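From a predicted model like this one, the values you see are computed outputs, not experimental measurements.
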Amino acid sequence: MIIFLCSPVAFSPIVPPLAVKKVRYFGETIAVVVAETEQIAKRAAELIRAEFVQLPVVHSPSAALQPEAPLIHKDLGSYQRYGPVYPVPDTNIGNHVKIRKGDMQTGWATSEVVVEGSYAFNTSDHCAMEPRCSIVEVMPSGLIDIQTSTQDPFMIKCLFHLFFQVDQSKVVVHVQFVGGGFGGKGSTQLEYIAYLVMHLLNHLL
């Protein structure tokens, strides 16, 4: 298992680099193509076929919190954790964080006006000028050379050490002009996949 929640201090490895048995979100990677040319790779990708059994869908955070909501991760309570991350077993809560500031009861009691309501915003996402792309080469010396569009090169070194037991001095991350990074390029996924493919090929060839 690789990673879902990622920060410098907290990790919960609950999503493999490729979907295994269950696809949990639209766009989750289900296959990897290895080819000698880009043209062959594109043709091979077009030939991939997958059959899916439709599962109950959770459409919103509020729906995911309902007691009868389908569990996205049924084994959430058994996942290994790194740092202060607190999943709630048998729920869809991946990390329960409590924030307490001051005396809330006194604050409510002395407030002149109390406004209660539910508020929702339209779905949005980060829109960078360049796509995500990663190139990983494993050298005969064991050096891992990574070229990737990320805003967290040092986090990649840290995570490779954590999950693959590779010394950070053996991981070199090259970052070109990111083309816009607003947090959306702080995640690590393509780097894992590219490294695992290279690692496998090095053992097969």
Atom pair [atom1] ([X]) and [atom2] ([Y]), whose distance is rounded to the nearest 0.5 Å:
{"X": "I146", "Y": "L190", "atom1": "CD1", "atom2": "CG", "answer": "11.5 Å"}
{"X": "S149", "Y": "H174", "atom1": "OG", "atom2": "NE2", "answer": "14.5 Å"}
{"X": "R24", "Y": "K21", "atom1": "CZ", "atom2": "NZ", "answer": "11.0 Å"}
{"X": "I156", "Y": "Y192", "atom1": "CD1", "atom2": "OH", "answer": "8.5 Å"}
{"X": "I135", "Y": "D145", "atom1": "CD1", "atom2": "CG", "answer": "9.5 Å"}
{"X": "D167", "Y": "K157", "atom1": "CG", "atom2": "NZ", "answer": "8.5 Å"}

Check against side-chain contact (heavy atoms from CB on, under 4.5 Å), V171 and H161: CA-CA 9 Å; V171 182; H161 172 69; over 6 Å; no
Say whether [X] and [Y] are linked into one hydrophobic cluster, either directly or through other cluster members, by side-chain heavy-atom distances under 4.5 angstrom.
{"X": "L159", "Y": "V172", "result": "no"}
{"X": "L196", "Y": "V136", "result": "yes"}
{"X": "L143", "Y": "V173", "result": "no"}
{"X": "V138", "Y": "L162", "result": "yes"}
{"X": "L201", "Y": "V32", "result": "yes"}

side-chain contact (heavy atoms from CB on, under 4.5 Å) between V85 and Y79, intermediate numbers included: CA-CA 11 Å; V85 56; Y79 294 145; over 6 Å; no
Check against side-chain contact (heavy atoms from CB on, under 4.5 Å), Q189 and E28: CA-CA 11 Å; Q189 182 190 27; E28 185 173 12; 5.6 Å; no
Student check: side-chain heavy atoms of T188 and D152 closer than 4.5 Å: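 The answer is no; the side chains never approach within 4.5 Å.
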Quick check on [X]: does its [atom1] atom have over 12 non-hydrogen neighbours (other residues, nucleotides or ligands) under 6.0 Å away?
{"X": "R43", "atom1": "CZ", "result": "no"}
{"X": "Y119", "atom1": "OH", "result": "yes"}
{"X": "E112", "atom1": "CD", "result": "no"}
{"X": "K22", "atom1": "NZ", "result": "yes"}

What's the shortest heavy-atom distance between [X] and [Y], and which atoms?
{"X": "V197", "Y": "V34", "result": "CG1-CG2, 3.4 Å"}
{"X": "V114", "Y": "S111", "result": "CG2-CB, 4.1 Å"}
{"X": "Q66", "Y": "S62", "result": "NE2-O, 3.2 Å"}
{"X": "S134", "Y": "A194", "result": "O-CB, 4.4 Å"}
{"X": "P56", "Y": "P70", "result": "CB-CG, 3.5 Å"}
{"X": "P87", "Y": "L76", "result": "CB-CG, 3.7 Å"}

Exam field: side chain D103 to backbone T106, donor-acceptor pair closer than 3.5 Å: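 Such a contact is found between D103 side chain and T106 backbone.
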Whether N95 side chain and Y86 backbone form a donor-acceptor pair below 3.5 Å: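 A pair under 3.5 Å: yes.
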side-chain contact (heavy atoms from CB on, under 4.5 Å) assessment of L71 paired with N92: CA-CA 6 Å; L71 296 180; N92 288 315; 4.1 Å; yes
Geometric class of the Y195/F160 ring pair [parallel <30°, tilted 30-60°, perpendicular >60°]: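 The rings of F160 and Y195 stand perpendicular, inter-plane angle above 60°.
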Salt-bridge present (K42, E46; N to O < 4.0 Å):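 No, no charged N to carboxylate O under 4.0 Å.
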